[in-house]
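We name chains A, B, ... by the order of the sequence lines, and we start the count at 1 in each one. Hydrogens, waters and symmetry mates play no part in the numbers below; they use all other heavy atoms, side chains included.
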Amino acid sequence: MDMVTLTINGQTVKAKKTSTVLEAARAAGIYIPTLCYHPELSHEGACRLCVVEASGARTLVASCVYPVAEGMIVETNTPKVREARKLVVELLLANHPKDCLSCQKSMDCELQTIAAELGVRKIRFAGGEMKAHTIDAGNPSLVRDQEKCILCGRCIRACSEIQGMDVYSFAGRGFHTIVSTAFEQGLEKVACTYCGQCASVCPTAAIVEKDDTDKAWAALADKTKHVVVQTAPSVRVALGEELGIPVGEIVTGKMVAALRRLGFDKVFDTNFSADLTIMEEGHEFIDRLTNGGVLPMITSCSPGWVNMIELKYPELLPHLSTAKSPQQMFGAVAKTYYAERAGIDAKDIVSVSIMPCTAKKAEAVRPEMNSSGYQDVDIVLTTRELGRMIREFGLDFASLPEEDFDSPLGKSTGASVIFGTTGGVMEAALRTVADVVTGQNLQQIEYKAVRGMETVREATLKIGDSEVKVAVVHTLKAAKAMMERVKKGETEYKFIEVMACPGGCIGGGGQPVPVDADVRRARRDALFTCDEACSLRKSHENPEIIELYSTWLGKPLGEKAHHLLHTKYNQQKRN
Amino acid sequence: MDLENKCCCGGENKEKAQIDEILSKYVGKKGALIPVLQEIQALYNYLPKDILEYVAEKMNIPISQIYGLVTFYSQFHLNPRGRNIIRVCQGTACHVRGGKVILQAIEKQLGIKAGHTTEDLRFTLETIACVGACGLAPVMQINEDTHGRLTTEKLSAILDRYK
């Protein structure tokens with residue numbers, strides 16, 4: 001590898017010839033503030049916050065796009081540089097609302113942090129014309145507020161480069177430039193999957209999850225309601241980040257304790273219904289394999305992905321597993337099976353879910369998701385929203401005791417917890433499918449061939465006597481490329497897992513920010529630790545699942561299961 | 001998009017054929033979007049939404065990016081244009097000679113703001129930074145004609161000439 005030697009702030013630094021000054025500085029532990037830069041997106045060089053002095057350059061240069069050179073001398077912290085950075089921030093703030101104290105992103109806002117870091121005390125340009133745009137809140141998942149947009153373009157790049165959906169573009173010119181969808185339509189009118197990756201990379205509150213915490217507080221305060229909550233697998237390894245706990249820590253027990261203290265009547269687990277999903281989806285796969293069904297079968301638990309295939313590949317919908325997602329299976333079972341067992345009228349149950357995902361909010365309000373006779377899941381909160389509720393309630397999260405989930409929808413296996421990472425649904429399904437097909441309790445539990453962080457992975461696995469080719473895909477851009485191959489009949493896969501977000505749910509659009517590859521890896525490793533710590537690691541061994549089928553549901557793919565746990569998909573026409 | 005679904009008995013198929021003909025000239029050419037849009041605008045006088053969606057699909061360019069481009073360049077228009085284009089100069093010389101008063105008077109007379117088109121599509125009203133005829137300030141252009149030394153009293157008679 002070609003290396004160059006340069007001097008940054010008097011310190012000798014070695015860097016790859018292809019790296020930028022910013023990358024070289026950060027690798028050497030020298031901090032340079034940035035706004036439009038994002039390590040996982042292409043470099044734009046738009047905000048000019050990362051300017052530095054570099055030998056040979058006439059003016060200050062944007063370090064995020066300026067390449068290193070042999071012998072280059074860089075100064076990142078001269079008075080001239082600091083003045084320039086302050087000027088940039090002052091100009092941004094002059095055209096930015098001043099409601100930071102009551103803003104949804106307060107304390108999580110990169111602009112706020114940088115203004116504080118740089119010691120911006122007055123805004124010389126305040127009082128001029130400011131942009132005024134309407135708020136886009138016509139969808140269940142995301143809210144866009146143009147006034148808070150600083151035109152860094154990270155959302156545009158994330159939607160295009162990670163997700164391949166290209167929902168956003170810069171529109172207009174000069175002072176009137178905005179980040180816009182086609183024809184400035186609401187997200188519900190364009191091909192948006194509600195995955196929330198734009199919100200995840202937005203440095204300000206220009207794109208945020210739709211806040212449903214008020215609805216949750218109201219339900220908790222209503223004494224006539226029985227409020228149950230489910231928590232998605234990946235929330236337990238990310239929630240801590242919202243509450244001052246290091247990245248990658250498992251906070252399952254404290255999360256359960258916190259939810260009880262917030263006033264939820266029953267704290268259940270989406271992991272339970274993830275096991276249920278494996279029962280249905282696993283048997284559906286075996287049925288398709290043995291009875292000539294449509295193959296490859298493709299997973300359907302990621303609602304961003306389901307939106308994408310409904311929008312872009314309606315002809316491939318028969319490939320989607322008809323099994324509902326764990327969130328929706330839980331909702332259907334909570335207002336039927338659980339209501340019956342607890343002797344509570346389903347109309348008095350408020351079903352809340354804690355999800356890593358903004359698209360789950362839209363999934364819950366799909367008109368067909370009412371097989372209990374009511375909307376199966378009433379309120380969907382993201383990990384970030386739960387973090388805010390816990391802070392608002394004043395709980396000292398770190399000192400809470402570890403508590404267990406309630407029964408009968410609270411037990412789970414190691415198979416279910418890995419749903420939260422890319423490859424996890426595939427691995428969980430294989431654990432059950434292999435046992436069912438062979439009729440044995442196989443010793444093989446881990447399928448390491450499907451693990452990893454590459455956006456497309458494939459493996460050939462031996463199940464019984466036959467070899468089965470499978471694939472695991474994450475990010476919608478990779479999913480699109482895979483669907484093109486499936487459409488052309490170029491694949492021999494029998495089973496494909498698709499997750500919309502990078503890394504799967506651990507990188508979901510509703511997870512704590514900031515997030516990058518290291519954060520996702522830490523969350524993923526924590527999920528595997530949870531799995532290994534489980535005494536039961538196959539979904540069909542979950543005693544509450546066995547009880548559910550034997551006492552109430554019948555058998556997988558049976559009539560009752562079909563009614564409650566399976567769904568249909570429809571083409572969505574938006575562009 | 002909608003063009004594909006329009007029935008084959010009306011004029012729309014001819015419309016589609018015209019667009020396809022324009023697109024066929026640029027197949028495989030890089031940087032073709034601007035000339036394609038220019039040709040389409042020459043055909044329609046503006047860029048209809050459904051045509052842009054059709055172009056996006058055929059050229060495999062995200063519609064959001066096409067919208068971004070169209071709104072960036074002042075030469076492109078997303079709404080139907082009037083038969084007559086009025087450009088009132090707001091340059092420095094015209095400004096000191098009352099260009100703003102002229103603009104306001106026309107706005108009042110036509111009942112539209114600058115940047116808009118009258119409902120009967122007779123006039124589109126725009127401003128321009130300088131037409132290079134400062135000696136005639138205040139100035140406006142209507143189509144290819146330049147009208148100088150304007151006063152608010154002269155406006156009605158001038159506008160009447162354009163139907």
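Between A:T181 and B:S64, the closest side-chain pair of non-hydrogen atoms is not below 4.5 Å. The side-chain heavy atoms of B:I63 and A:F183, taken from C-beta on, include a pair separated by under 4.5 Å.
Residue A:E490 places its CD atom among more than 12 non-hydrogen atoms of other residues, nucleotides or ligands, all under 6.0 Å distant. By the neighbour-count criterion of 12 heavy atoms within 6.0 Å, atom NZ of B:K113 is sparsely surrounded, having that number or fewer from other residues, nucleotides or ligands. Environment of CD in B:Q75: crowded, with over 12 heavy atoms of neighbouring residues, nucleotides or ligands closer than 6.0 Å. Counting non-hydrogen atoms of other residues, nucleotides and ligands closer than 6.0 Å to OH of B:Y73 gives a total of 12 or fewer. Counting non-hydrogen atoms of neighbouring residues, nucleotides and ligands closer than 6.0 angstrom, the NZ atom of B:K25 exceeds 12 such neighbours. Within 6.0 Å of CZ in A:R157 there are more than 12 heavy atoms belonging to other residues, nucleotides or ligands. More than 12 heavy-atom neighbours from other residues, nucleotides or ligands sit within 6.0 angstrom of NZ on B:K154.
Heavy-atom distances place the side chain of A:Q185, and not its backbone, under 4.5 Å from chain B. For B:I66, no part sits under 4.5 Å from any heavy atom of chain A, backbone or side chain.
When all heavy atoms of A:A182 and B:Y67 are compared, the pair lying nearest together is CA-CB, 4.0 Å.
For a heavy-atom cut-off of 4.5 Å, chain B lies close to A:G172, A:R173, A:S180 in residues 172-180 of chain A.
Applying the side chain to side chain donor-acceptor pair (under 3.5 Å) criterion to B:T151, with sequence neighbours excluded, gives B:E153.
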